[in-house]
Amino acid sequence: MSTQPINPAIGQSPGTPADIAGLEPLTAIRSRWPTIFGALITVAMIIGVLRALFGKGLAGLAHAVPTSPMFYLCFALLYMTLPIGDYVIFRRLWRIPLSGLVALIKKRVANEVVLGYSGEAYFYAWARQRSQMVAAPFGAVKDVSILSAMAGNALTLTMVALALPVGHGLLRPSEFNTLAGSILVVIGMSLPFLIFSKRVFSLPRPLLWWIFLIHILRAVASSVLLALTWHFGMPEVSIGMWLLLSAGRQLASRLPLVPNKDLLFANFAILLIGQGEALANLMAVTAALTILVHVVMVAVFGVADLIRKQV
């Protein structure tokens with residue numbers, strides 16, 4: 001009689017061919033799920049950017065397109081600010097190669113055109129496929145995502161503190177109450193992560209502060225580059241006014257209880273600088289260019305993946 005131990009979970013000895021045949025499909029599924037999930041997100045990105053492009057992007061490009069080369073230079077830098085900031089962070093955390101920047105660009109596209117935080121899921125799947133480089137990616141991706149949100153909230157509260165003394169008289173009582181409620185929600189969303197930080201975060205505290213600082217610097221750089229992009233699109237408006245509008249856009253996008261944020265920002269911008277039609281055209285062109293770049297990025301990366309698989 002064989003003395004080989006019996007596996008109680010399946011009732012057979014672990015070395016038999018039947019066991020191997022039964023376990024191989026499960027092992028294959030586990031090892032392939034990041035690839036399958038990444039492919040699904042890529043398909044969703046393509047559908048999302050095409051829908052956005054033909055839904056409203058082309059209508060924006062039909063209007064006046066800026067001719068200044070500086071507009072497109074600042075726009076390109078603005079587009080890359082988010083993935084480059086993430087690359088700086090994950091380069092230090094994981095020593096990812098420059099090719100990791102491609103995955104981070106896909107992460108941005110997925111977050112903007114598929115579903116919020118689907119990009120984080122895609123990047124996590126990308127990291128899982130590279131287990132030889134990344135031992136435990138979930139904790140780092142989670143910490144970086146939480147700190148990004150907290151940095152945005154901190155910047156929003158700072159902007160409110162700077163703008164409220166000046167703009168308090170411009171708000172009606174109902175608008176002031178909405179703003180106050182939004183501030184409380186923003187604070188409430190951040191407090192649990194601060195109170196239970198030892199249980200929430202996985203990375204060492206000095207590294208968490210460094211990541212938080214990178215997120216703050218990235219957000220400030222994005223606001224400045226957005227102001228410069230708008231300025232070179234409408235140079236008759238001063239750069240100082242565009243900086244104010246860029247800060248206002250950041251503020252409006254982060255306040256959770258404010259309805260019709262885009263309409264609110266548009267009204268605020270027109271109130272400050274006038275030229276409603278020209279301003280609307282510039283905003284439409286900027287939004288449409290972002291969608292077009294998403295399309296180009298997804299197409300280029302898709303073709304590159306096909307070529308790599310054929311080689």
Side-chain angles (χ1 to χ4, degrees), residues 23-53 79-152 193 199-204 207-208 211-212 214-215 218 290-291 293-311:
L23 292 175
E24 277 181 344
L26 294 177
T27 303
I29 290 173
R30 280 197 216 88
S31 62
R32 293 175 184 171
W33 79 259
T35 302
I36 296 172
F37 182 78
L40 291 175
I41 289 293
T42 300
V43 172
M45 282 192 287
I46 294 173
I47 295 173
V49 294
L50 289 177
R51 180 181 178 184
L53 177 64
Y79 186 90
M80 291 302 298
T81 299
L82 182 60
I84 288 176
D86 281 342
Y87 178 78
V88 170
I89 292 172
F90 286 105
R91 175 70 179 174
R92 176 170 177 178
L93 294 181
W94 297 340
R95 307 301 299 174
I96 64 173
L98 188 60
S99 59
L101 188 60
V102 173
L104 292 167
I105 293 174
K106 289 183 177 181
K107 170 176 170 285
R108 174 190 170 163
V109 176
N111 279 338
E112 293 188 7
V113 303
V114 179
L115 186 66
Y117 294 102
S118 60
E120 272 69 24
Y122 167 82
F123 188 64
Y124 172 67
W126 177 87
R128 280 292 302 269
Q129 289 179 285
R130 290 149 182 83
S131 57
Q132 75 281 2
M133 181 182 68
V134 183
F138 177 76
V141 173
K142 166 183 63 68
D143 288 0
V144 172
S145 299
I146 293 173
L147 288 171
S148 176
M150 293 182 66
F193 298 109
R199 296 187 178 184
V200 171
F201 295 109
S202 306
L203 298 173
L207 197 53
L208 293 174
I211 294 171
F212 182 81
I214 295 297
H215 283 311
R218 184 182 65 185
T290 302
I291 297 170
V293 174
H294 287 341
V295 172
V296 172
M297 290 293 183
V298 172
V300 169
F301 296 150
V303 171
D305 287 341
L306 289 176
I307 294 174
R308 188 177 65 251
K309 290 176 182 178
Q310 295 296 325
V311 174

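The chain is numbered in sequence order, starting from 1. Keep in mind that the numbers below use all heavy atoms, side chains included, and drop hydrogens, waters and symmetry copies. Bear in mind that the values here come from a model prediction, so they are computed numbers and not experimental data.
- Counting all heavy atoms, side chain and backbone alike, Ser202 lies closest to Gly139 at OG-CA, 3.7 Å.
- Checked by atom type and distance alone, the side chain of Arg199 never pairs as donor or acceptor with a backbone atom of Phe193 at under 3.5 Å.
- A distance-only check finds a donor-acceptor pair linking the side chain of Arg91 to the backbone of Ile96 [under 3.5 Å].
- Annotation: side chain of Phe301 is in contact with side chain of Ile105 (closest heavy-atom distance under 4.5 Å).
- Across all their heavy atoms, Phe212 and Leu147 have their closest contact at CD1-O, 4.1 Å.
- Proximity of a side-chain donor or acceptor of Ser145 to a complementary backbone N or O of Val141 within less than 3.5 Å is detected.
- Between the CG atom in Asn111 and the OG atom in Ser148 there is a gap of 9.0 Å [rounded to 0.5 Å].
- No side-chain donor-acceptor contact under 3.5 Å links His294 to the backbone of Lys106.
- The two atoms that bring Pro97 and Tyr87 nearest to each other are O-CE1, 3.2 Å, heavy atoms only.
- Interatomic distance, CD1 of Ile89 versus CD1 of Ile84, reported as 12.5 Å (0.5 Å rounding).
- For the pair Glu112/Thr290, a side-chain contact is recorded, criterion being any heavy-atom separation below 4.5 Å from C-beta on.
- For the pair Gly85 and Ile214, the tightest heavy-atom approach, listed with the atom from each and the gap, is O-CG2, 3.9 Å.
- A cation-pi contact, defined as under 6.0 Å to the ring centre and within 45° of the axis, links Arg108 to Tyr79.
- Leu207 is listed as a side-chain neighbour of Arg92, based on a closest heavy-atom distance under 4.5 Å.
- A ring-centre distance under 6.0 Å is found for Trp94 and Phe123.
- Closest heavy-atom contact between Asp86 and His215: OD1-CE1, 4.2 Å.
- A side-chain donor-acceptor contact under 3.5 Å links Asp143 to the backbone of Leu203.
- Proximity of a side-chain donor or acceptor of Lys142 to a complementary backbone N or O of Val200 within less than 3.5 Å is detected.
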